[in-house]
Protein chains: 2
Amino acid sequence: MITETKINLSEQTRERLLAAARLVFSENGFQNATVREICRHAEVNIAAVNYHFSSKEALFAATLNFEPLLALCNKINQDSICAQVRLLNFIHDFLIQLLDKKECSVQCQFMARELAEPTPVLGKIVQEAIAPIHQFVANLVREIVGNKISEAELRRCVFSIFGQCVYYRHGQPVIQRLHPNLNYDHQEIKAIAKHIGEFSLAGLKQIAQNKCP
Amino acid sequence: MITETKINLSEQTRERLLAAARLVFSENGFQNATVREICRHAEVNIAAVNYHFSSKEALFAATLNFEPLLALCNKINQDSICAQVRLLNFIHDFLIQLLDKKECSVQCQFMARELAEPTPVLGKIVQEAIAPIHQFVANLVREIVGNKISEAELRRCVFSIFGQCVYYRHGQPVIQRLHPNLNYDHQEIKAIAKHIGEFSLAGLKQIAQNKCP
DNA sequence: AAACGTTTGATACACTTGTTTAATTCCCTC
DNA sequence: GAGGGAATTAAACAAGTGTATCAAACGTTT
């Protein structure tokens, strides 16, 4: 028990570092985030990063945890409702993870950021998070449009859905300047999800009809 | 004439710097691009950047030229065909500027990159390029969907269209890992444009119908 | 051909980055 | 309470950044 206390003290700064790292990384990306700012946020010494983890990159890798993201897919997969509604639910939950600051799952934001700014751990992120989630949506889309469309067209459909969602996160600096009084509260996110859902279902239907005239 | 020769010599390194800057900036972004690499590419001395331009930031600003992008809008605006086809044409031309390496208009790529990684000149880019082009698409969409839908919904439609297009550029590092043998030749760009066009027109139609049952 | 202003060049500066060092402090064990 | 290993600290390191300096080279003008 005494040992536990000791470990807990060390663990405490470790956890503070992880929490601060998640915050700073998600706000500034891997490159622009500095070890000093992370440590300032965590209120620990600069050397703590290289003591507890071995490098900035390893710290970044340690902050990655895509379980909530994959859990989202599994949860939806278990629903026995039709594929259309499952897609709508996914878009909503995905946007929540992507835009809502209240949600502690910064992982989704890492994924989005990684799209534009590749880091040394991009491979891991693609393999563990992006590829599965793309495959998940691809399966949903395939259920909706049937077997008539090609793999290339299926891929483009998936890209269309993700592109719409991710734009709200990527484009935030620009969107904020274009529409200064727009912020992503729960109501707005719901409206965005509803829009992307309707828009995409109609798009998918059109693509499917093209192949089955 | 003698004076011209002199100016041309100076102008020559200036132009070489601009060309190299366009290349390096578009490949690495503003932050990750280094003055040294630009100068190495241009085969000029490091001091040339601060001599001919006054800073790295000013050099970046000097590389910006959104005329081809805005010319695209003007060209399409002059067509007397229906709004739907004009939108399809815009999506195609926009994607060309966004994805085709042959096209020398790196400006569009700057715009896309700026979405994710804001630089000190973001304000200028938003004002001179992004805002006008968003407004242009907004006008097209308004023509297509009519006056029934709200400004917020109109905005989301515009975001849906841009989001789909920009994803192919933003997500390139990831897309390349997901589908290694996919590259953006003219044929592929045409296919992407066709997909996004059909997908979006169907989406717009759906959004418009929602409001006019 | 000489003098001038302009352009180039190598170098150094000031600063920030991630990382390392060595001394100190802390806390548990004996 | 003393000893000892683990954790924290301040300071420094090496590498990289954008920028500034100042002398050399260049081409044009007189």
Side-chain angles (χ1 to χ4, degrees), chain A residues 1-25 27-64 113 117-122, chain B residues 1-64 117-122:
Chain A
M1 172 174 166
I2 307 173
T3 316
E4 270 185 18
T5 317
K6 174 178 145 197
I7 289 181
N8 282 349
L9 279 178
S10 169
E11 203 77 355
Q12 190 179 322
T13 77
R14 214 188 114 96
E15 286 306 319
R16 272 223 304 271
L17 258 174
L18 276 174
R22 269 187 275 263
L23 181 71
V24 177
F25 278 138
E27 278 180 351
N28 306 86
F30 178 74
Q31 295 261 18
N32 292 41
T34 71
V35 172
R36 280 167 176 81
E37 188 185 349
I38 293 174
C39 291
R40 200 176 341 116
H41 246 279
E43 293 177 326
V44 301
N45 191 269
I46 317 175
V49 164
N50 288 281
Y51 179 78
H52 288 277
F53 310 85
S54 58
S55 67
K56 178 191 179 185
E57 187 181 323
L59 171 62
F60 182 64
T63 63
L64 299 179
R113 192 172 274 276
E117 176 206 340
T119 75
V121 284
L122 172 59
Chain B
M1 174 178 166
I2 305 175
T3 315
E4 270 185 17
T5 316
K6 171 178 144 198
I7 290 182
N8 282 350
L9 279 178
S10 169
E11 203 78 356
Q12 191 178 322
T13 78
R14 214 188 116 95
E15 285 306 319
R16 272 223 303 272
L17 259 175
L18 276 174
R22 269 188 275 265
L23 181 72
V24 177
F25 279 137
S26 73
E27 278 180 352
N28 306 86
F30 178 74
Q31 295 260 19
N32 292 41
T34 70
V35 173
R36 280 166 177 81
E37 189 185 349
I38 293 175
C39 290
R40 199 176 342 115
H41 247 279
E43 293 177 328
V44 302
N45 191 270
I46 317 174
V49 163
N50 288 280
Y51 177 78
H52 287 276
F53 311 85
S54 57
S55 67
K56 178 191 179 185
E57 187 181 322
L59 170 62
F60 182 63
T63 63
L64 299 180
E117 177 207 338
T119 75
V121 283
L122 172 59

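Chain identifiers are assigned alphabetically (A, B, ...) following the order of the sequence lines, protein sequences preceding nucleic acid strands; residue numbering begins at 1 within each chain.
Per the geometry, NZ belonging to A:Lys56 stands 8 Å off P belonging to C:dT19, to the nearest Å. In this entry the distance linking CG of B:Asn50 with P of D:dA20 reads 6 Å, nearest Å. Atom CD in A:Gln12 sits about 13 Å away from atom C1' in D:dA7, given to the nearest Å. Distance B:Tyr51 OH to C:dT7 C1': 5 Å, rounded to the nearest Å. Per the geometry, CG belonging to A:Asn45 stands 9 Å off P belonging to D:dT8, to the nearest Å. For the pair B:Glu15 CD and C:dT7 P, the interatomic distance rounds to 14 Å; values are reported in whole Å. Here the P atom of nucleotide C:dT16 and the CZ atom of A:Arg40 are 12 Å apart, to the nearest Å. Atom-to-atom, CD1 of A:Ile46 to P of D:dC13 comes out at 15 Å; the value is rounded to the nearest Å.
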All N/O contacts under 3.5 Å from nucleotides 22-25 of chain D to the protein, with atom names and distances to one decimal?
none

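A cation-pi arrangement is present between B:Lys56 and B:Phe30 under the rule of less than 6.0 angstrom and at most 45 degrees off the ring axis.
Distance CZ/A:Phe25 to CG/A:Asn32: 11.0 Å, rounded to 0.5 Å. To the nearest 0.5 Å, atoms CG (B:Leu64) and CG (B:Leu59) are separated by 9.5 Å. Rounded to the nearest 0.5 Å, atoms CZ (B:Phe60) and CZ (B:Arg22) are 11.5 Å apart.
Nucleic acid contact class of A:Ala47 (heavy atoms, under 4.0 Å, all strands): base.
One finds a side-chain N or O of B:Thr13 lying less than 4.0 angstrom from the OP1 or OP2 phosphate oxygen of C:dT8. Contact annotation: B:Ser55 side-chain N/O to D:dG18 OP1/OP2 distance is not under 4.0 Å. Between B:His52 and C:dT6 there is no side-chain polar atom (N or O) within less than 4.0 angstrom of OP1 or OP2.
Taking a 4.0 Å limit (strictly below) on heavy-atom distances, residues 27-36 of chain A reaches DNA chain C at A:Ala33, A:Thr34, A:Val35, A:Arg36.
Residues passing the side-chain hydrogen bond (donor to acceptor under 3.5 Å, both in side chains) test with A:Thr119 are A:Glu114, sequence neighbours excluded. Considering only residues two or more places apart in sequence or on other chains, B:Glu27 meets the side-chain contact (heavy atoms from CB on, under 4.5 Å) condition with B:Leu23.
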Side chains of residues 36-54 of chain B: which donor-acceptor pairs under 3.5 Å do they make with residues two or more places apart or in other chains?
residue, atom, partner, partner atom, Å
B:Asn45, OD1, B:Ala47, N, 2.9
B:His52, NE2, B:Thr13, OG1, 3.1

